[in-house]
Amino acid sequence: MAKSKGPRIMITLECKECRENKDQRTPGVSRYQTSKNRRNTPDKLEISKYCRYCNKQTIHKEIK
């Protein structure tokens with residue numbers, strides 16, 4: 001019998017500043033893979049993480 005999927009899902013976090021800023025240090029978009037509990041956090045996740053393209057801590061937002 002197959003195991004149920006459960007409340008944890010894999011999500012991708014993407015830097016908001018890299019998408020908006022064209023004059024950055026190097027071209028590219030910072031992305032992180034993580035998991036979240038969809039029962040506890042049903043809305044999109046926003047976390048401050050290090051962006052190697054912006055060379056500073058920025059807000060990373062969940063993308064689909």
* Taking all non-hydrogen atoms of both residues, which atom of Gly6 and which atom of Arg38 are closest, and how far apart? -> O-NH2, 2.6 Å
* Distance in Å, Thr41 OG1 paired with Ile9 CD1, rounded so as to fall on 0.5 Å steps -> 7.5 Å
* To do: Would you check if His60 and Cys51 make a side-chain contact, meaning some heavy-atom pair closer than 4.5 Å?
  => yes
* To do: Check Val29 against Glu14 and note the closest heavy-atom contact, atom names and distance.
  => CG1-CG, 3.3 Å
* Indicate yes or no for a side-chain donor-acceptor contact from Lys36 to the backbone of Ile11 under 3.5 Å, with no hydrogens or angles considered. => no
* What's the shortest heavy-atom distance between Gln57 and Ser48, and which atoms? -> OE1-OG, 3.0 Å
* Answer with yes or no whether the hydrophobic clustering places Ile47 together with Tyr32; edges join I, L, V, M, F, W, Y residues whose side-chain heavy atoms lie under 4.5 Å apart. => yes
* Asked: Can you name the closest pair of heavy atoms from Glu62 and Lys44 and give their distance?
  -> OE1-CA, 3.5 Å
* To do: Mind running side chain to side chain contact (heavy atoms under 4.5 Å, CB included) on Asn55 and Tyr50 for me, showing each step along the way?
  => CA-CA 7 Å; Asn55 203 24; Tyr50 179 76; 2.7 Å; yes
* Identify whether Ile63 and Met10 are in the same connected component of the hydrophobic contact network (ILVMFWY, side-chain heavy atoms under 4.5 Å). => no
* Got a second to check how far Leu45's CG is from Lys61's NZ, nearest 0.5 Å? -> 11.0 Å
